[in-house]
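Below is one structure, written out as structure tokens; comments come after it.
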Amino acid sequence: MGKYTRPKGTQDLLPATQRYWEYLRATVRREALQYGFERIDLPLFEETALFTRGVGEATDIVEKEMYSFEDKGGRKITLRPEFTAGVVRAYIENGMRVQPKPVKLYSVGPIFRYERPQAGRYRQFHQFNAEVLGVQEPLADLEVMLLAWDIYAALDFQGLAFQLNSTGCPQCRPAYIQTLTAYYHQHAAEICDTCRRRLTTNPLRVLDCKETRCQPVIAGAPKIAEQLCTECETHFTALRGYLDELEKPYTLNHRLVRGLDYYTKTVFEVWAEGIGAQAAVCGGGRYDGLIELLGGPPTPAVGFAAGLERIIMVMQHQETPVPELPTPPVFIAHLGAAASRVAVQLLVDLRAAGIGAQIAMSGSLRSQLRTADRKGGRFALIIGEREMEHGEVTVKDMAQGWSQTSIPLEAVVAWVQARLKRVSE
RNA sequence: GUGGAUGUGGCCUAAUGGUUAGGGCACCUGACUGUGGUCCAGGCGGCUGUGGGUUCGAGUCCCAUCAUCCACCCCA
């Protein structure tokens, strides 16, 4: 091993796995565009305050997971730990409120969180993100859930489970939290230390504690879905109505509360099997207060993010068929200085004609052909002294055993073109 | 941040505390003249993660450190 290793929690995406990434990116792009989402690309870093305000001071992300630093101008900068805050910033900054509602945006790219890496968790990882801004109606929630659904369906996911809940809004959530903490204080002796602490710091979070001793308490806990205000109740019922109508399966999960401060009403996750302890491949929800909080006009919005590494892990676990990346069909072998000049000319002529081609750069004819074989090209073109004398090129169809033919040099491009066309038909 | 497991060439791996750390994959070269995949031959590539210690002698035992993996927390 060399002197340098990749920073903890980062990864090298080697050529061997690129076909998964290409396929995944193509799939999410196709689905997003089909839904009418427009792509938006944002800076990898933003000023730190955007995230501390947007995501929430008391969240794990802000408290311990941000990659923050000061730049040479003394500005406090953070590598983005999620997309939503940046999307909202761009929405406000670029005056996107004047666009016809809803504004539907998607992004793909790296995300940074300073955490201890483990299976399916990295410090630099990739997310697909989609947001619908400017619409309060549950159709917006439905839209992002359907997009998530269709992406996983297009990738032929098995063993999927959608988890759904509503966490209420500033109208009804405070009352629920009171009921919840009151209930928990009655059971203070039965719960774990962490949950006791959560009651003051982040009460909703007690609901997704995994401690065995807490499970009976959680099971008996009051459910927020049963204490929603009229508006939230109506919203949640309508959303579920659409999902029922479309026969999209979901599980009502009263324990699903999610980590970030900005969520209101709808929250959902998608869980998958086969990626270790990290079941969530996708998480999202509604954030009606965020845009105003970040200095924009009051604007309802809903969105979700999907972790691409986890999707790829599932694809590999399920052995999802993924097409090979295309390789150039032509490989040129040559012998001698004069032939190499002719070979180079042929190389550029082929490429100019739109035919993928590579040229041997070293070695005997034997090793050149061995390289041709391993590079997977369809045709090997040989130019040596004999071919030079006759103004010809020897053409080998690598899939056809040892047969080979001679083609006049000036006719080779057309010949290959015709052959490739016939193959593709 | 906490806990556990593991570190031998690019990858996989062998070596009762005892010679110059062995093999496989891959890679490169060759096999009468200019011809790929199989087979054959040869070759490149290691201060056994690093630093200490025990010992006549350490890949092997001990300590530390680093890295990776897995789990907790939480999330994608």
Side-chain angles (χ1 to χ4, degrees), chain A residues 1-12 14 16 55 58-65 80-84 108-129 148 192-195 197-198 201-202 205 208-211 256-260 269-272 275-284 304-314 331 333-336 339 360 362-389 394-404:
Chain A
M1 202 192 294
K3 185 177 176 182
Y4 300 105
T5 55
R6 74 186 86 94
K8 185 189 268 289
T10 63
Q11 42 178 350
D12 301 317
L14 302 176
V55 176
T59 59
D60 280 5
I61 288 182
V62 170
E63 278 183 353
K64 54 180 193 185
E65 295 173 5
R80 63 185 182 198
E82 58 128 38
F83 271 111
T84 303
V108 187
I111 296 290
F112 304 84
R113 289 187 198 169
Y114 190 89
E115 293 188 89
R116 279 285 277 272
Q118 68 187 73
R121 175 193 287 171
Y122 303 91
R123 289 184 172 183
Q124 178 181 340
F125 62 103
H126 299 79
Q127 286 189 343
F128 169 82
N129 185 265
C192 69
D193 295 342
T194 321
C195 279
R197 192 153 21 88
R198 283 178 176 131
T201 58
N202 206 336
R205 211 67 74 68
D208 74 341
C209 183
K210 280 121 194 161
E211 285 288 328
L256 182 63
V257 291
R258 302 194 49 72
L260 314 184
E269 288 186 354
V270 179
W271 292 358
I275 52 173
Q278 316 302 325
V281 289
C282 163
F304 78 92
L308 301 192
E309 280 79 2
R310 291 184 186 176
I311 292 177
I312 284 175
M313 286 176 81
V314 173
F331 188 94
H334 52 97
L335 285 171
S362 64
S364 63
L365 183 64
R366 170 187 165 83
S367 67
Q368 290 184 40
L369 285 172
R370 181 155 50 200
T371 303
D373 186 54
R374 292 174 192 186
K375 292 289 184 185
R378 177 72 200 278
F379 297 107
L381 309 186
I382 302 169
I383 306 174
E385 287 167 23
R386 284 209 293 270
E387 287 80 2
M388 291 291 285
E389 281 173 30
T394 298
V395 179
K396 288 175 69 75
D397 186 333
M398 297 301 275
Q400 300 292 317
W402 301 89
S403 68
Q404 56 187 47

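What you are looking at is a predicted structure, and each value in this text was computed from that prediction instead of being measured. We name chains A, B, ... by the order of the sequence lines, and we start the count at 1 in each one.
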Categorize [X] for me: base, sugar-phosphate, or nothing, with a 4.0 angstrom heavy-atom threshold over every strand shown.
X      : answer
A:G384 : base
A:E385 : base
A:S367 : sugar-phosphate

query: Quick one: on RNA chain B, does A:R386 or A:S364 contact a more 5' nucleotide (nearest heavy atom)?
result: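 Counting from the 5' end, the first nearest nucleotide belongs to A:S364.
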message: On RNA chain B, does the nearest nucleotide to A:C282 precede the nearest nucleotide to A:P7 from the 5' side, or the other way round? Give the residue.
response: A:P7
query: Would a 4.5 Å heavy-atom cut-off, applied to side chains only, mark A:P7 and A:R123 as touching?
result: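 No, every pair of side-chain atoms sits at 4.5 Å or beyond.
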- prompt: Does any non-hydrogen side-chain atom of A:M398 lie less than 4.5 Å from one of A:R378?
  reply: no
message: Surrounding CD of A:Q11 (heavy atoms of other residues, nucleotides or ligands, distance under 6.0 Å), is the total greater than 12?
response: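 Atom CD in A:Q11 is crowded, with more than 12 foreign heavy atoms closer than 6.0 Å.
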G-U wobble or Watson-Crick pairing nucleotide for [N] (cut-off 3.5 Å, both distances):
N     : answer
B:G1  : B:C72
B:U6  : B:A67
B:U55 : none
B:U38 : none
B:U48 : none
B:A21 : none

Could you check how far [atom1] of [X] sits from [atom2] of [N], rounded to whole Å?
X      : N     : atom1 : atom2 : value
A:I61  : B:G1  : CD1   : P     : 18 Å
A:E115 : B:C73 : CD    : P     : 12 Å
A:K8   : B:A67 : NZ    : C1'   : 7 Å
A:Y4   : B:U50 : OH    : C1'   : 16 Å
A:L365 : B:U29 : CG    : P     : 12 Å
A:D60  : B:G1  : CG    : C1'   : 11 Å
A:R116 : B:A5  : CZ    : C1'   : 13 Å
A:F83  : B:C75 : CZ    : P     : 19 Å

- request: Measure the CZ-CD distance between A:F112 and A:E82 for me, rounded to the nearest 0.5 Å.
  value: 14.0 Å
task: Record whether the side chain of A:E387 comes under 3.5 Å of the base of B:G34 through a donor-acceptor pair of N or O atoms.
output: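 Side chain to base: pair found, below 3.5 Å.
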- request: Using only heavy-atom distances, decide whether a donor-acceptor pair under 3.5 angstrom links the side-chain of A:Q368 to the base of B:U35.
  value: no
Which nucleotide wins on minimum distance to the side chain of [X], given the candidates [options]?
X      : options             : value
A:A119 : B:C70, B:C73, B:U35 : B:C70
A:R121 : B:G37, B:A71, B:A76 : B:A76
A:Q118 : B:A76, B:U35, B:C73 : B:C73
A:D373 : B:C75, B:C72, B:G37 : B:G37

field: Spacing of the P atoms in B:U13 and B:C44 (rounded, Å)
entry: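 That atom pair is separated by 25 Å.
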field: Interatomic distance at P, B:G10 relative to B:U48, whole Å
entry: 13 Å
task: Please report the shortest heavy-atom distance between A:Q124 and A:P110, naming the atom on each side.
output: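 For A:Q124 and A:P110, the tightest heavy-atom pair comes out as NE2-CB, 3.7 Å.
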- request: State whether A:R374 places a side-chain N or O below 4.0 Å from either non-bridging phosphate oxygen (OP1 or OP2) of B:C27.
  value: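 Checking A:R374 against B:C27: at least one side-chain N or O falls below 4.0 Å of OP1 or OP2.
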